[in-house]
14 protein chains.
Amino acid sequence: MTDLAIIAAISIFTAGLTVSFGAIGPALGEGRAAAQALSAIAQQPDAASDLTRTLFVSLAMIESTAIYCFVVAMILIFANPFWNAALAVAQTTAGG
Amino acid sequence: MTDLAIIAAISIFTAGLTVSFGAIGPALGEGRAAAQALSAIAQQPDAASDLTRTLFVSLAMIESTAIYCFVVAMILIFANPFWNAALAVAQTTAGG
Amino acid sequence: MTDLAIIAAISIFTAGLTVSFGAIGPALGEGRAAAQALSAIAQQPDAASDLTRTLFVSLAMIESTAIYCFVVAMILIFANPFWNAALAVAQTTAGG
Amino acid sequence: MTDLAIIAAISIFTAGLTVSFGAIGPALGEGRAAAQALSAIAQQPDAASDLTRTLFVSLAMIESTAIYCFVVAMILIFANPFWNAALAVAQTTAGG
Amino acid sequence: MTDLAIIAAISIFTAGLTVSFGAIGPALGEGRAAAQALSAIAQQPDAASDLTRTLFVSLAMIESTAIYCFVVAMILIFANPFWNAALAVAQTTAGG
Amino acid sequence: MTDLAIIAAISIFTAGLTVSFGAIGPALGEGRAAAQALSAIAQQPDAASDLTRTLFVSLAMIESTAIYCFVVAMILIFANPFWNAALAVAQTTAGG
Amino acid sequence: MTDLAIIAAISIFTAGLTVSFGAIGPALGEGRAAAQALSAIAQQPDAASDLTRTLFVSLAMIESTAIYCFVVAMILIFANPFWNAALAVAQTTAGG
Amino acid sequence: MTDLAIIAAISIFTAGLTVSFGAIGPALGEGRAAAQALSAIAQQPDAASDLTRTLFVSLAMIESTAIYCFVVAMILIFANPFWNAALAVAQTTAGG
Amino acid sequence: MTDLAIIAAISIFTAGLTVSFGAIGPALGEGRAAAQALSAIAQQPDAASDLTRTLFVSLAMIESTAIYCFVVAMILIFANPFWNAALAVAQTTAGG
Amino acid sequence: MTDLAIIAAISIFTAGLTVSFGAIGPALGEGRAAAQALSAIAQQPDAASDLTRTLFVSLAMIESTAIYCFVVAMILIFANPFWNAALAVAQTTAGG
Amino acid sequence: MTDLAIIAAISIFTAGLTVSFGAIGPALGEGRAAAQALSAIAQQPDAASDLTRTLFVSLAMIESTAIYCFVVAMILIFANPFWNAALAVAQTTAGG
Amino acid sequence: MTDLAIIAAISIFTAGLTVSFGAIGPALGEGRAAAQALSAIAQQPDAASDLTRTLFVSLAMIESTAIYCFVVAMILIFANPFWNAALAVAQTTAGG
Amino acid sequence: MTDLAIIAAISIFTAGLTVSFGAIGPALGEGRAAAQALSAIAQQPDAASDLTRTLFVSLAMIESTAIYCFVVAMILIFANPFWNAALAVAQTTAGG
Amino acid sequence: MTDLAIIAAISIFTAGLTVSFGAIGPALGEGRAAAQALSAIAQQPDAASDLTRTLFVSLAMIESTAIYCFVVAMILIFANPFWNAALAVAQTTAGG
């Protein structure tokens, strides 16, 4: 099991883990906020525009934590500095 | 156990894990939002169009976290950069 | 334990895991949405058509996360690119 | 421990796991939907036909996730492509 | 530890696991549905026949997931294709 | 550690596990149903006979999942086909 | 570590596990049923005899799952067929 | 590590585990029943004798599951048939 | 690692585990019963003597499960029959 | 790793575990009882002396389970019979 | 497995873990705060500006804990002092 | 890995574990009691002195379980009898 | 695996763990406090200044526990005394 | 892996664990107390000074458990007696 394989395996596993666990919290939080927004609109239809604006700002804020996870997963798959360093080492060794 | 096998095994396992754990949060969150929407429509039928519009925007936002997971799983199965690199290495070794 | 056996074992295990864990969230979410729909129809029978339409759209959206899992499981069993690659390697080795 | 034994053991274990974990979510979800349906019928007996129709559609939709699991378990036991491939390999080896 | 012993051990363990975990969800779901049915009958005794009919259909649907598990457990104990294949192999080896 | 010992150990462990985990769900489900039945009788004493009949049918249905587990445990202890096969093999080997 | 020791150790561990996990569900279920019965008697003292009768039948039914566990534990300690078989083998070996 | 030591270690560990896990369920169940009894007496002081009688019968029934665990733990410590058998074997070996 | 050390280590660990896990259930159960008793006294001060008497009987009953655990822990530390047997064996060996 | 070190390590770990897990249940139980007592005093200030007396008796009873744990931890640290026996053995060996 | 590979693997895994677990708490907390804000605006539309200002300050405060996690993950990936030190050591060794 | 290192490592780990797990229960319990006290003062401001006195006695009682944990952790770090014994042994060995 | 690598790996892992687990509690606690503050402002807009002041003090207090975690994580990454000591040792060894 | 490295690794890990787990309970408890205080002020603005005083005393008491954890973590990092002893031993060995 070479070093490259270890780094690749850990990167793959972590990317999946990050994005899947990072989806649980935001999805539940957004579900709760949206549910309450619908209940609030039904209770006070006149304030619907105010409520939807507040809802969308809140959803964006909550979504941001999911996006952090997605960004980290993408970095780990496509722009992983450790992988690049290991590749460089491997090529140097092979070419040396 | 060659390096290729390790990367393949981890990729398969992670893809399944990602998409199955990534389904829990969104499904529960969407269930909650939809349930409240139905309750709100029953309470205020006149605001039904407003409510369904808000509901669908919210569902789309929540669904997005599930789609992140699905995308990562698909990348791991069909466009895995680590697998491609390992394949290239293996072919070089075999052909060298 | 050959590479083929490892990939087969992981694929089998992951396919089952994916589809069984992927069933928990959607089933609970759909149960919640359906329960609330029934309660809403009982409360406001006049809006039944509106409610059932919203319910079915929501159920379809929630079901989609379960279907992602089912699709990934089917891919892992019947169209697994890693398995195909490993099979090709094995046949090359055997035939070489 | 031959490759065949590994694949058989994993297939058996995964089939049981899939169908048993896949039963938890749907059973709870259906229980919730059915409970609310009974409560709704008691509250609004006149809408009983509408409620039972909606209930049965919902139960069928929730049951579908359990059936995905059952199907995957049956495939793993009786139509497992990995097992067939491993059997073919074993017979070739034995007959070669 | 022969292959036969591994397959037997896994089959025994999985059969027990399947039927015991598969009992949790349905039992809780049925308990909930039955509890609500009793509450509904007490609230609206005139709709008792309607309620018990709906209850029994629902219980049957929920029980179905437990029966899937029982069926899989029975197949694993008494009609296990992997065990039969392994037995055949063992007898061939012994008789060869 | 002979094969016989492995199968015996797994059978013992699984039998206990099956019957103890299989008791959790039904006991909680029956407790819930019975609790609601008592509450319903107190609320509507005139419907007591109807309620107790529905209760006992429901308890029997829930108990059935516990009985599946008990049956599987008894089969594993007293009519275990894998144990019988292993015993036969052992006697053949010893007698050969 | 002889086979006898393995079987003894597993039997001891499983007996304790079975009876202790098997006590959790029934105890909680009975606690719930009894609590509701007391509440119901306080609410409708005239139906006390009816309620206590229903309570005792329900408690007996719930207790049955605990008794299954106790029976299995006692069988494992005092009438364990695998232990008897292993003892017979050991004595044969020693006496042979 | 002799067989005697294994059996002793497992017996000690299981006895403690059994009695401690076996205390969780009954204690919570009894706490719930007692709490409701106190609430019921406060609500209907005239039925106090009826309530306390029902409470004590219920507590005894719930306590029975804890006593099963205590009995099994005591058997494992002071009347363990496997330990006795292992001691007899050890003495025979030593004396032979 | 001698047999004596194993038995001592397991006894120490089990004693602590038993008494600490055995404290969780009773403490929560007693807390619930006491909380409800205080609420009941506030609601019906005239029945205070009746309530405190019922409370103390209940607390004693719940405490009994904690005391079982404490007794088992004390037996394991100060009157452990397996330790005594192992000590006797060790002294015999040393003195022989 | 000598026997003395094993026993010391297990004693240290168990003492900490016992006292920390043994603090969870009582702290939550006491918190609940105290919370309800405060609520009860606010509701019925005239019964404050009765309520505080009942509260303190209950707190003492709940605290007793935490004290069992503290006592066991102190015994394991400062009066551990297994440690003393092992020390004696070690000194005998060293002095012999 | 060189030191560099270990540090790279741990850094990758920790970065993903940090950002995904760090998303759960803030997302749920923000969901709760936003939900209550929407409910409060519906109840008191005149205080909407006051409520949204308080909401945004609170969301920022809660988001800060998610940002701590994101910062730590970024440091671990792009400015990891341990990785730099290990790289320097590796280059020294290689160049020495 | 010398004995001293084992004992030091276990002592460090246990001290941290003890004080951190020992903080969960008391903090939650105190939070609950304090919350209810604040609610009670708001409801009955005239009984504020009575309530705060009861609150502080209760908090002190709950805090005591956290203090047990802190005391045990401090003993393990600064007055650990096992460490002292091991140090003495090590010095004797070194000086002998 | 050198000592330096072990310490680096543990420091990296612990820093991430600390800051991510340390974010869960404060985020949930702050979410709860903020939610209640919004509800309170909606109920009593005249006390808004008093409420926001109390809220911000409370948020700061809760945030402090998250900051402890962030501080410890930063110390572990950038000012780790164990790492410095190990580096010094390594340089001494290398230079010696 | 030298003794020094073990002690350093355990100290680092424990310090992080202690402070992060020690933050969960207090943060949740303080969140609850603060939430109730805000609710109480909204309900009884005249008692605000009394309520905030009680709140701050309670928060300080709850915070104390978090501070115990922080203190232990700081001791483990900067004033660890086991580390000092191990350093002394190492220097003696090196200098001897």
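Quick note: numbers below take in every heavy atom, side chains included, and nothing from hydrogens, waters or symmetry partners. Proteins come first, then strands; the chains are lettered A, B, ... in the order of their sequence lines, and each starts at number 1.
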- Message: For a 4.5 angstrom cut-off between non-hydrogen side-chain atoms, does F:Phe82 reach E:Leu4?
- Response: no
Value for OG (F:Ser64) from CG (E:Leu59), rounded to nearest 0.5 Å, stands at 9.5 Å
Note to self: Assess the residue pair E:Leu28 and F:Arg32 against the criterion (side-chain contact (heavy atoms from CB on, under 4.5 Å)); give the C-alpha distance rounded to whole Å, side-chain angles, the decisive distance to 0.1 Å, and a yes or no.
What the structure shows: CA-CA 9 Å; E:Leu28 293 177; F:Arg32 183 169 196 167; over 6 Å; no
Rounding to 0.5 Å, atoms CD (E:Gln43) and CD (F:Gln44) come to a distance of 9.5 Å
For residues 33-40 of chain E, tabulate all N or O donor-acceptor pairs below 3.5 Å that involve a side-chain atom, not counting sequence neighbours.
none

Note: vs chain F, highest number of non-hydrogen pairs under 4.5 angstrom among E:Val19, E:Ile12, E:Ile24, E:Leu17 is E:Ile12
Checked E:Phe78, E:Phe56, E:Phe21, E:Phe70 vs chain F; the most non-hydrogen pairs under 4.5 Å come from E:Phe70
Correct closest heavy-atom pair for E:Ala8 and F:Ile7 would be CB-CD1, 3.8 Å
| message | Checking side-chain polar atoms at under 3.5 Å, does E:Glu30 have a donor or acceptor matched by the opposite partner on F:Ser58? | response | no
Highest number of heavy-atom pairs under 4.5 Å with chain F among E:Ala27, E:Ala48, E:Ala60, E:Ala73 belongs to E:Ala27
Turns out that what part of E:Leu55 lies under 4.5 Å from chain F's heavy atoms comes down to side chain
Okay, F:Ile41 and chain E: the region with an atom under 4.5 Å from a heavy atom over there is neither
Whatever's closer than 4.5 Å to a heavy atom in chain E on F:Asn80 counts as side chain
One should read off an interatomic distance between E:Thr52 OG1 and F:Arg53 CZ, to the nearest 0.5 angstrom, of 7.5 Å
Q) Does E:Ile77 reach the side chain of F:Pro81, with side-chain heavy atoms less than 4.5 Å apart? A) yes
Among F:Ala85, F:Ser11, F:Ala9, the residue with the most heavy-atom pairs under 4.5 Å to chain E is F:Ser11
I'd like to check F:Thr65 versus E:Glu63 (side-chain heavy atoms, cut-off strictly below 4.5 Å). Are they in contact? yes
In this structure, OH of F:Tyr68 is separated from OG of E:Ser20 (nearest 0.5 Å) by 14.5 Å
